[in-house]
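Just so we're on the same page: letters track the sequence lines, and every chain starts at 1.
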2 protein chains.
Amino acid sequence: MEQTSASENTKEIIKELLSREDYSVLKAALVDLHAADIAEIISRLDREERKKIFDLLQTEKAALVTAELSSSVLKEVFEDLDQKQIVDIVQNMDSDDAADVIGELDVETAEKILSAMPWEETREVRTLLGHNEESAGGIMAVEVVTVSDNQTAASALDALRKKSKEVDDVYNIYVVDSQGVLKGLVALKDLVLADPNDKICDIMDKEFFSVHPEMDQEEVANYFHKYDLVAAPVVNEKGQLVGRITVDDVLDVVEEEASEDIALMAGITDENIVEGSVFKLSMGRLPWLIVAFFGEMVSATVMHHFSASIKQVVMSAFFIPLIMAMGGNTGIQSATDVIRGLATGDFYLKDTGKRLLKELSIAMINGVIIAILLIAVSYFWMDNVKFGLILGIAMLAVLFNAAFIGTIVPFFLKSVKVDPAISTGPFITTSNDVLGLLVYFSLITFFAKWL
Amino acid sequence: MEQTSASENTKEIIKELLSREDYSVLKAALVDLHAADIAEIISRLDREERKKIFDLLQTEKAALVTAELSSSVLKEVFEDLDQKQIVDIVQNMDSDDAADVIGELDVETAEKILSAMPWEETREVRTLLGHNEESAGGIMAVEVVTVSDNQTAASALDALRKKSKEVDDVYNIYVVDSQGVLKGLVALKDLVLADPNDKICDIMDKEFFSVHPEMDQEEVANYFHKYDLVAAPVVNEKGQLVGRITVDDVLDVVEEEASEDIALMAGITDENIVEGSVFKLSMGRLPWLIVAFFGEMVSATVMHHFSASIKQVVMSAFFIPLIMAMGGNTGIQSATDVIRGLATGDFYLKDTGKRLLKELSIAMINGVIIAILLIAVSYFWMDNVKFGLILGIAMLAVLFNAAFIGTIVPFFLKSVKVDPAISTGPFITTSNDVLGLLVYFSLITFFAKWL
């Protein structure tokens, strides 16, 4: 039978069964559902309902469901389960998922759960927790199938068979020496096609891609993407195999990094932009608004300085929104280019000068076109070409300035190791506003007599 | 030996060899480089140098390199190669990559190349070209390993061995009946661990995830992401296996969709935001600027209507940037939430009402905080609480309006099947500006006597 994503219908049925308290049917229904679907359903239930679902799940399924939960839902669920349940669930998880889950908890709870587990089982999780969450070490799993290079293909298959329960997704068998140093790997396909008596050293790939535990997860993702990898070994500075990363984790990273960039670009500090309470979401957005608030207070001060000109040439005020919108859009366009190029690895820091030239040229072309439009509008609408000319010059200056700031700021942030995505938030727009308005009103004041 | 990404050093060496015209050494150096690295180096060379590199590559390597090129580089390279070279390259590619490459060419060139290839070989490519580029059919490959359910594991291994040259990444063997209807699949790991005499029907998974050829690629990506898939069969409405999608293609889709969303959100229409000529990039950005231009002309008209108030209360002009920035940021924050939620499958259209309520509540909380700040600033800076009160009321109204538009527009666009990411471009900001300024100056005019 073809398996498809749980339909809306299924979700309604689960809710119905919950409200009818028909737990025996519900339990049976849950067995047939994919863990990812159960996680999705759970995230839309209230806390009491969530607890009930968890009580009905078998431990193994509960572990799979837990691995799929978002951090906010996870925290609530764990607050409502008793410690025995949590320990059982964590023990049934893969090391990387277990470390992720434990890492989400506060230190005290985490320690309580870890100390309730057998030492041997927590060792791997503790090791993983020692790595930066957003590094290769933080996303790797430690369960690997290893063989030595003098084994035969047949005995490698035996090794795989023995570990097959523990390791779910096997793409490669890793060949290590007695010190645990990675010598090569055998792709599953090559192992299948080998003669049982073939020596591992004859069928293994001695050239392979590997990553270091400290490599940033975004870099890991670019690496997988560039070389079309499905799995990669993680190797420490001594060349020892410490774990492996699989592509499903990389897919999570790509989605996560894209969401993070998009959120930062829109001026939302909390990486969790979709869920959470109204108050939490407000607080995630407020910092950006406050930055913009004080930035635009500077704009107000600048304009206060030009009060006389505004009074004299009141129509200069009408075009403030235009100046701001054009500068803002141009700055964001340039910055987005740079941010995306840096994130996907298409740009390097040393490209700064080349990119700046390109962005300024683009701004120049668009600036001239907009300036011509402005002059035309001034002529036909206001019958005042002179004012259009001043507006046009101001527009060119504003666009040029916006492209400059929009290009320089993300490159600068990258060079000081701050996420460049932050720059398109209010920073670029606000500084564009202040500088743009300064240029605009200076020109207006200078040419006021002429108007 | 551990293989790592080609260093900057390697790239310099290639360039150096090119300039020295030391082609024999260059040819040897290229053999050792990964296709993805050569593609990266090529994208940074000029056309003449690119052609030289291509002339030195063996056909198989050239095919791999071509599959990695971005569309703009690809077009230039193909313009400079002769037809025989192109045909050789395309013939050496996987069907999905070949279809992607052919799809990038103009119809005439594409037809010329296809007609120079043997009919049998173009059939697959032609079939793939018939699918929407952004659908499951457009990203699938047609090379699959199939067996029937009464075969044994041993004979399935033989089938795999026979196809192993043609199919690079094998994760599953597909079980089909005489009509080509997909009955199940055998994961490579299970095939490896099976007894050679096991019947396929006993070891195959009868429950599997599959996608339809028309499924949107973004949906396919969400599907892979949700269920941690590495490969999925593509099955038509009759249940017949027509191809398979692998996770490396999905990774491309996720990066592509994220870049596309980010570009659209920043007001860049061209999906290729990183490369291309200055003129092409300008034209990709100009449409948004023109939309904003005419939008802000409406703002100018609105303000023209309020000339008298501006003259009378000149300080009302000072806060135009503040009103615009706050409305703009709030609108973009709300819209980004909705856009991202819709893209990752976390929100559904039916959530519109619930989400709207949430976004309006967030705007209310932040609006009250900003309003209080404004009143404080008016008191301490301008010693004018009344004006602060009016500004505060205007701010609340503007934020409320911005959150409303920012939430409604992306949901609306999604419901009419337009990419919601387009909405945070100038549309939301500009309409916020017009409405925000209308509200602001109406309040100023109404309370002018009181000030």
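No side-chain heavy atom of Ile362(B) sits less than 4.5 Å from a side-chain heavy atom of Phe279(A). Side-chain atoms of Ile365(A) and Met283(B), non-hydrogen and from C-beta on, do get closer than 4.5 Å to each other. You'll find the side chain of Asn222(A) reaches within 4.5 Å of the side chain of Glu255(B), heavy atoms only. Put simply, the side chain of Ile323(B) does not reach to within 4.5 Å of the side chain of Glu296(A), judged on heavy atoms. Phe318(B) places a side-chain heavy atom less than 4.5 Å from the side chain of Ser307(A). Side-chain contact between Phe209(A) and His34(B) is present, with at least one heavy-atom pair separated by less than 4.5 Å.
Val192(A) touches chain B through backbone and side chain together, each having a heavy atom under 4.5 Å away. For Ile370(A), the parts sitting under 4.5 Å from any heavy atom of chain B are the backbone and the side chain alike. With a 4.5 Å cut-off on non-hydrogen atoms, Asp205(A) does not touch chain B at all. Neither the backbone nor the side chain of Val338(A) comes within contact range of chain B, judged by heavy atoms closer than 4.5 Å. Interface remark: Phe224(A) contributes backbone and side-chain atoms alike to the contact with chain B (heavy atom separation under 4.5 Å). Both the backbone and the side chain of Leu373(B) have a heavy atom closer than 4.5 Å to some heavy atom of chain A. Of the atoms belonging to Asp252(B), heavy atoms from both backbone and side chain fall under 4.5 Å from chain A. Residue Met315(B): no heavy atom, backbone or side chain, is found under 4.5 Å from chain A. Using a 4.5 Å cut-off between heavy atoms, Ile369(B) touches chain A through its side chain atoms alone. Residue contact with chain B, scored on non-hydrogen atoms closer than 4.5 Å, involves the backbone and the side chain of Ser334(A) alike. Both the backbone and the side chain of Thr301(A) come within contact range of chain B, each with at least one heavy atom under 4.5 Å from a heavy atom of that chain. Proximity to chain A is limited to the side chain of Glu68(B), based on heavy atoms less than 4.5 angstrom apart. Contact annotation for Leu182(B): neither backbone nor side-chain heavy atoms come within less than 4.5 Å of a heavy atom of chain A.
Note: Leu289(A) leads Val247(A), Leu289(A), Asp228(A) in heavy-atom pairs under 4.5 Å with chain B. In terms of non-hydrogen atom pairs under 4.5 Å with chain B, the most contact-rich of Val230(A), Val170(A), Asp433(A) is Val230(A). Chain B forms the most heavy-atom pairs under 4.5 Å with one residue out of Ile339(A), Asp158(A), Leu374(A), and that residue is Leu374(A). Taking chain B as the reference chain and counting heavy-atom pairs below 4.5 Å, the highest number among Lys189(A), Arg161(A), Lys311(A), His225(A) is found for His225(A). Each of Ala363(B), Ala343(B), Ala221(B), Ser282(B) has some count of heavy-atom pairs under 4.5 Å with chain A, and the biggest count is that of Ser282(B). Listed options Leu160(A), Leu191(A), Leu193(A) were ranked by heavy-atom pairs under 4.5 angstrom with chain B; first place goes to Leu193(A).
Judged by distance alone, with hydrogens and angles left aside, the side-chain atoms of Gln333(A) form a donor-acceptor pair with the main-chain N or O of Arg285(B) at under 3.5 Å.
Taking CD1 of Ile320(B) as the reference point, atom CZ of Phe319(A) lies at 12.0 Å (rounded to 0.5 Å). Taken from CG in Asn329(A) to CG in Leu286(B), the straight-line distance is 11.5 Å, to the nearest 0.5 Å. To the nearest 0.5 angstrom, Asp337(A) atom CG is 11.5 Å from Ile262(B) atom CD1.
Between Arg340(B) and Glu260(A) there is no salt bridge, since no side-chain nitrogen of the basic residue lies less than 4.0 Å from a carboxylate oxygen of the acidic one. A salt bridge does not link Asp248(A) with Lys226(B): every distance from a Lys NZ or Arg NE/NH1/NH2 to an Asp or Glu carboxylate oxygen is 4.0 Å or more.
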Run the side-chain contact (heavy atoms from CB on, under 4.5 Å) test on Phe293(B) and Met395(A) for me, step by step, so that the C-alpha distance in whole Å, both residues' side-chain angles and the decisive distance to 0.1 Å come before the verdict.
CA-CA 11 Å; Phe293(B) 180 88; Met395(A) 190 57 77; 5.6 Å; no

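Scanning both residues, Met303(B) and Pro321(A), for their nearest heavy atoms gives SD-CG, 3.8 Å.
Checked against salt bridge (Lys or Arg N to Asp or Glu O under 4.0 Å), Asp351(A) has the following partners two or more places apart in sequence or in another chain: Arg44(B).
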